[in-house]
Structure formats: structure tokens, C-alpha cells
Amino acid sequence: MKSKSAVLYFSIWLGGTFWSVSNQFINAEIAPKWYFALFGGTFLCWMYGISHFRSIPTTKKPHFTDIFLSISLCATALAFHGLLQWSGLWTPQSTFPVCGNFDNPAGIASALAFSLPFSLHYTHSPCILLRYTALASTLFIACAITASESRAGILSMGCVFLLYFPMKWPKIGKALTFGLVMLFTVSSVFLYHYKKDSADGRLLIWQCTWNMIKERPLYGYGHGGFQANYMDEQAQFFRTHPNSRYARLADDVKSPFNEYLGFLTDFGFIGGTAMLLCAVMLFQMWRKHPGGGSRPALLCLTAIAVFSLFSYPFRYPHTWILCMGSAFVLVLNGHPALQRITGRLSLVTAFLFTTLSVFAFKRMRAEILWCDTANRSLCGMTKEMLPVYEGLYDKLGNEPLFLYNYAAELNVAGRYEESLRLCKASSSRMSDYYTRLLQADNCKQLRRYKEAERHLQQASYMCPNRFTPLYELYTIYEAQGDTASMHRMAEAILRKPIKVDSPEVRQIIAKIKRFKQIN
């Protein structure tokens, strides 16, 4: 591929994974980015594969400066976007002050932290204009990461600087490394106390996740195992530790906030060993060729590795692109002879991606229809939309969020048996607090009070700081005329500390106080 066209196309592709957003999807900030990444990546593989066969194969070490420039340009633009949000000149779609076009700051912080090494790569360019431009880009990115207040992003950025300067200036490496390590340690302590409740909440998640890993250490729970089992494990933790200091911090959790623990949960230590071997192999590739393009590639993988300790960067397509791209750079620099087969490999990948794109396109259309159907249901057209949900079931029946949404609409329409059946299917893939509440309501409407009570008790253990499960238990006892249990629930509700004051909580407490006054 020609240099200019490569920079232009890769910039458009990577930029699409940074900025794509569409309200036609349920997950407006994430789903469009994935589809853009897949369709754009398919075209890129075809374009590279075809262009490779038009040129003479060579065993010379490949150059990746064009692609590095694309990454740096996209990251600089994204950093400028984030700083505009921070200054108030650009209002973000999310409730977070700095998040770019992502659902939360982890998205923009990860994209910037992983792109930072490629801007640093040009800070020692012989071209004065490019060198100063790279310095400005690095400053923009660092400021935007700090403004996002993402602790994982700030720590990843610190690790990049911690490794970059000693690698660049080995003569002062020891003194510089010591100073940076001290600064990094102090910063880590400060970041922990900066949002202590959030940090302690992650300690709870990691503890429960480790308990899951110990139950199935070898093979894990399979793909999606964390989402399907974690909340039940958290409920078990609070059942055996009712007075835990973590009770007020518990929430409905969809991610372990640590990619390594999540991977071990899904695939066990066998999967973890395979991942470790891949990391060792890439490090050996870097040792064979530590200079040139290998340096920013290694730093990028390091940033991803550090970020993965505290967040979920692989939720975003740009992480996969930068991770796989950096690994590709290390492998080709370590073994330049492999460049002979990159064209064939690209065409094979293009065929696979094309096949995947066909199925993805069908799913994309189904997701767009689902989003439109859900919006119409919210506008009071639930009964009219149920046939559409039924038609979508064959295409989206493996998506737990769709199953929950469909079950909730059946509940609104009064079709409680069908709703309960879908809730069970959803909970096998995503056992969470809200599914338990929906199951309880279905059982309550069907007068299956014992079963409803069981679901509500489980929901209460999942999130001990929530008022809704206790209040729903109160209403079940009220329907059965069990005054003693009503008093017991009323006392529990009135003793419970309020984590987040809301109209719903105030309404529940007011009703309970009226009950206590009368009785």
C-alpha cells in the first residue's frame, strides 16, 4: 500500500473505533464501534493482501512508521476532544465530564494510554517539525488522560514513561528509574485514596472472583462464565459475611475490573498458561529486535497489561486492534522472514472476516430493529411490539440483555409464565440483581410466594445496600397477611443506612413509617 493511502485509511479505521456512536443500537457507544472495526478490518485485510501480491516479497525488516503516525494523529484528535469536554466547550453524551464518545472514562483513557507510545516514538525524530509536533501530541494525551480521572489510565501512562526514558537514555537509566518508581509508588497510593470507596469495591469484586476461580481452577466456567455466575458468588459472600464492611459498596457487577481474573474465571489456569506463554514469546521477539518500531509496540502492550489490572479495556475494539497490531510488529521485527507469508495470511484473514461480516451484518440489522422495538415499547406500545420480539428471538436468543428485555415486556403485558421462562434462560447467561427482581415479580403475580421470596432474598444478598428487595418482601408478606414478617421487614428497612438518596427510597421509607405508626 502506498504510504499516504495507508495513513489515511488506517486513520479513518482507527478513528471510527474511537468516535462511532449511534442511537440506533441499545448500546449506542460500544456496538457501532465493533461493527465499524469488523467491516473496516475486513476491507483492510483485502487491501493489504492484494497489494502484497502486486509487489516483490522481501526479507528486509518492515517499517511501521506510517501506521504509528496514524495512531498518533487519531490519539491527538481524541485527546483534544476530551479536553474540550473537560473545559465545558463540548458537552459529552454520558454523565461523565470526560469520556469522548465512549460510555465512561475507561474508554477514552485506554485509547489514549495505549496510543501514547506511538507519539513518544516521534519525539526524537530528526525532523524538527515532527519532533515538536510529537511533543505537543504527548502533552495533549497526558493532559487528557489526567482530565479523565481514570486511575487505570493514569497508572498506565505512568508505566509508559517509567519504561520509556530509561530505554531511551540508558546512561542515566538507574537514577531516572529510581525517581520514576518513587513517583509511581506515591501516585498509586494517592490514586487509591482519591476514590477509596470505588477501590474498596473492586477489592470485594476481586475477592469474590478469586473464590470462583478456586471452585473451578483448571478449565474455568467457559466463555461468559463470569457474567453468568459472579452475582450468585457475591450473594454467597454476603450470606456468610452479613456484617462485612463491603456491604455498603456492593453493586450489580458485569465485569471483574481485572482482565486476568476474568480470563482465569472463564478459561481456568490452562487458558492462563496459554496467555502467559504468548506474553513470554512476544518478550523474546522484542529481545531479538529491541529498537525501532519494537519499542513503541512493547510499550503499548505494557500499557494494555497495566490497564487490564484495574479495568476492562478489551471491551473496546481499539484495544484489540492496538494489541494485535503491536504483537504483529514485534513478531515481524523479530523474524523478518515471516514477511513473506503476511500477504497470504492477510488473504486468509480477509476470507474469515468476510464470512464473519455476513453474519455480523444480519445481527446488526436485528439489533437496530431491537432498539427501535424497545423504544416503541417504552412509549406504551408493548402489546403491539411483542410479535416483533418473538420474531427477533431466533436471531438474538443468545443475548442475555435481549432475553431480559423481552421478559420485562412480557411481564408488563401480564404474560407472567412466559416472562418467567425467559428470565430463567437469561439468568443462565447473566445472573444479576435485576433479573432476580423480575423473576420475583413474575412469581408474585402468579401467587407463587415462596419462590418469589427466594428470588428476593437472593437479590438482597447480591446488593445488601438496596431497599427494593426488602420492600418487595414486605409486600409479599402483606399479600399473605403475615404481620409478624411485615414488622420484621419494616425494622430491617428502617435500620438500613441510605447509600444513595432517591425519591424511590424516600417513598419506601415513608410507607414503612406509616405502617409502623398504624401498627
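The shown structure was predicted, so the numbers you read here are calculated from the model rather than taken from an experiment. Residue numbers start at 1 and run along the sequence shown.
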Report all side-chain donor-acceptor pairs from residues 127-139 shorter than 3.5 Å, counting only partners two or more places apart or in another chain.
| residue | atom | partner | partner atom | Å |
| --- | --- | --- | --- | --- |
| Arg131 | NH1 | Ser125 | O | 2.7 |
| Thr133 | OG1 | Leu129 | O | 2.7 |
| Ser137 | OG | Thr76 | OG1 | 2.6 |
| Ser137 | OG | Ser119 | OG | 2.8 |
| Thr138 | OG1 | Ala134 | O | 2.9 |

Heavy-atom pair of closest approach, residues [X] and [Y]:
{"X": "Phe102", "Y": "Ile108", "answer": "CD1-N, 3.5 Å"}
{"X": "Val160", "Y": "Ala113", "answer": "CG2-O, 4.4 Å"}
{"X": "Ala75", "Y": "Leu112", "answer": "O-CD2, 3.3 Å"}
{"X": "Cys74", "Y": "Ser11", "answer": "SG-O, 3.3 Å"}
{"X": "Gly272", "Y": "Phe263", "answer": "N-CE2, 3.8 Å"}
{"X": "Asp432", "Y": "Met231", "answer": "CA-CG, 4.0 Å"}

*Ring centers of Phe310, Phe257 separated by less than 6.0 Å*: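 Aromatic pair excluded; centres sit 6.0 Å or further apart.
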Can you see whether [X] engages [Y] through a side-chain donor-acceptor pair at a distance of less than 3.5 angstrom?
{"X": "His289", "Y": "Ser294", "result": "yes"}
{"X": "Gln458", "Y": "Arg239", "result": "yes"}
{"X": "Lys33", "Y": "His318", "result": "no"}
{"X": "Trp286", "Y": "Asn333", "result": "no"}
{"X": "Gln236", "Y": "Tyr461", "result": "no"}

Is it the case that more than 12 heavy atoms not belonging to [X] sit under 6.0 Å from its [atom1] atom?
{"X": "Phe36", "atom1": "CZ", "result": "yes"}
{"X": "Phe353", "atom1": "CZ", "result": "no"}
{"X": "Trp86", "atom1": "CH2", "result": "no"}
{"X": "Lys254", "atom1": "NZ", "result": "yes"}

*Residues Arg429 and Glu399 bridged, charged N to O under 4.0 Å*: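 Glu399 and Arg429: not salt-bridged.
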_Basic-acidic side-chain contact under 4.0 Å: Asp251, Arg466_ =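 Counted as a salt bridge, because a side-chain N and a carboxylate O are separated by less than 4.0 Å.
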_Suppose the criterion is side chain to side chain donor-acceptor pair (under 3.5 Å): which pairs have a residue in residues 350-359, not counting sequence neighbours?_
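For residues 350-359, and leaving out neighbouring residues, the side chain to side chain donor-acceptor pair (under 3.5 Å) pairs sorted by first residue read Thr42-Ser357, Trp46-Thr354.
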_Pairs touching residues 256-277 that satisfy side chain to side chain donor-acceptor pair (under 3.5 Å), sequence neighbours left out_ =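 The answer is none; no pair qualifies.
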*Give every residue pair that meets the ring-ring contact (aromatic ring centres under 6.0 Å, His included) criterion with at least one member in residues 212-233, sequence neighbours excluded.*
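Sorted pair list: Phe226-Tyr230.
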*Begin with the C-alpha distance, continue with both residues' side-chain angles, and end with the deciding distance and a verdict on side chain to side chain contact (heavy atoms under 4.5 Å, CB included) for Ser427 and Arg436.*
CA-CA 8 Å; Ser427 63; Arg436 289 287 180 176; 6.0 Å; no
Scan the side chains in residues 325-332 for donor-acceptor partners under 3.5 Å anywhere in the protein, sequence neighbours excluded, and list what turns up.
| residue | atom | partner | partner atom | Å |
| --- | --- | --- | --- | --- |
| Ser326 | OG | Leu322 | O | 2.8 |

*Geometric class of the Phe68/His121 ring pair [parallel <30°, tilted 30-60°, perpendicular >60°]*: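 Because their plane-to-plane angle is over 60°, the rings of His121 and Phe68 count as perpendicular.
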*Which of parallel (below 30°), tilted (30 to 60°) and perpendicular (above 60°) describes His241 and Phe237?*
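Rings of His241 and Phe237: parallel, as their planes differ by under 30°.
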[Y] backbone acceptor or donor facing [X] side chain under 3.5 Å:
{"X": "Ser346", "Y": "Cys45", "answer": "yes"}
{"X": "Gln85", "Y": "Cys99", "answer": "yes"}
{"X": "Ser426", "Y": "Pro400", "answer": "yes"}
{"X": "Glu29", "Y": "Asn101", "answer": "no"}

_Set of residues satisfying side-chain contact (heavy atoms from CB on, under 4.5 Å) with respect to Ile368, sequence neighbours excluded_ =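 Partners of Ile368 by the side-chain contact (heavy atoms from CB on, under 4.5 Å) criterion, ordered by chain and then number, come out as Gln24, Phe25, Met364.
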